[in-house]
Amino acid sequence: MTPLHVLILAYDGVEALDFAGPFEVFTTASRVSQRMQPGTAAPFEVASVALAPSDQPVQARAGLQLLADHSIASNPAADVLIVPGGVVDAPMASPETLRWIADCAVGTQIVASVCTGVFLLAKSGVVTQEAVTTHWEDIADLRVQFPKLDVRDDVRWVDTGRIVSSAGISAGIDMSLHLVERLAGRALAERTARQMDYAWTHNTSHPSA
């Protein structure tokens with residue numbers, strides 16, 4: 001099986017766990033999968049991408065620094081694109097970032113957001129009227145800024161098929177485990193959660209339309 005390319009966007013102000021939670025889930029799933037089936041290919045290849053050149057650090061919210069694997073100028077391909085949240089003012093005001101999100105999303109199987117990352121999906125036109133969710137503190141603002149969206153609250157994540165969005169911060173881990181289940185099976189998702197010593201919350205929303 002050819003590994004699926006999971007690409008996670010990084011930007012100045014990104015919430016550290018919004019980024020690191022999905023990274024941990026998909027890399028752990030690959031490691032656990034190879035333990036379950038020795039000699040097989042890992043189901044996921046995970047990389048990060050940022051507006052800045054890959055030799056310039058991105059400063060996450062609260063000051064944590066990280067180096068992305070790719071710059072958006074290199075236009076890395078993705079099967080699964082994950083857009084984390086955080087302080088999204090800078091990427092929301094960056095035409096280059098928004099254009100890259102829109103262009104990258106065209107070739108993906110799944111586009112997912114964590115927390116306020118959904119604002120970037122909406123601003124870039126990737127979501128226009130789909131059912132989505134975000135951090136509870138930002139629900140009202142999302143409805144005001146993008147009134148055509150079907151904004152759901154009191155759910156950990158919303159799965160509409162190609163677009164998947166999660167609520168705040170730690171909900172991105174629950175959503176990522178859900179994506180592992182969708183893409184590689186329930187057994188691997190459960191073993192991944194167990195390996196992470198994480199109590200996986202399954203409550204979700206699957207809109208019919």
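Treat the numbers as computed from the prediction; the structure is a model and nothing was measured.
If you take CG on L149 and CD on E130, they are separated by 7.0 Å, rounding to the nearest 0.5 Å. Taking CZ of R143 as the start and OG1 of T134 as the end, the distance is 11.0 Å to the nearest 0.5 Å. A distance of 4.5 Å separates CD of Q195 from CZ of R35, quoted to the nearest 0.5 Å. Of the inter-residue distances, the one linking I82 atom CD1 with T108 atom OG1 reads 11.0 Å to the nearest 0.5 angstrom. To the nearest 0.5 Å, atoms CG (D141) and NE2 (H135) are separated by 13.0 Å. Between the CG atom of L51 and the CG atom of L9 there is a distance of 9.0 Å, given to the nearest 0.5 Å.
Side-chain contact check for S33 and R191: no donor-acceptor pair (N or O, by modelled atom type) lies under 3.5 Å.
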Kindly indicate, with the supporting measurements, whether the criterion side chain to side chain contact (heavy atoms under 4.5 Å, CB included) is fulfilled by I110 and L183. CA-CA 10 Å; I110 294 172; L183 297 167; 3.9 Å; yes

Kindly determine whether R182 and D159 satisfy salt bridge (Lys or Arg N to Asp or Glu O under 4.0 Å), including the steps that lead there. CA-CA 11 Å; R182 267 190 58 180; D159 184 341; 3.1 Å; yes

Could you please spell out the steps behind the side chain to side chain contact (heavy atoms under 4.5 Å, CB included) verdict for F26 and V180? CA-CA 7 Å; F26 286 102; V180 170; 3.9 Å; yes

Kindly indicate, with the supporting measurements, whether the criterion side chain to side chain contact (heavy atoms under 4.5 Å, CB included) is fulfilled by L120 and Y11. CA-CA 12 Å; L120 296 175; Y11 53 86; 4.0 Å; yes

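Under the 3.5 Å distance criterion, the side-chain polar atoms of T28 are left unmatched by any main-chain donor or acceptor of V25. For the pair S165 (side chain) and S113 (backbone), a donor-acceptor distance under 3.5 Å is absent.
In the displayed structure, Q145 atom CD is contacted under 6.0 Å by more than 12 heavy atoms of other residues, nucleotides or ligands.
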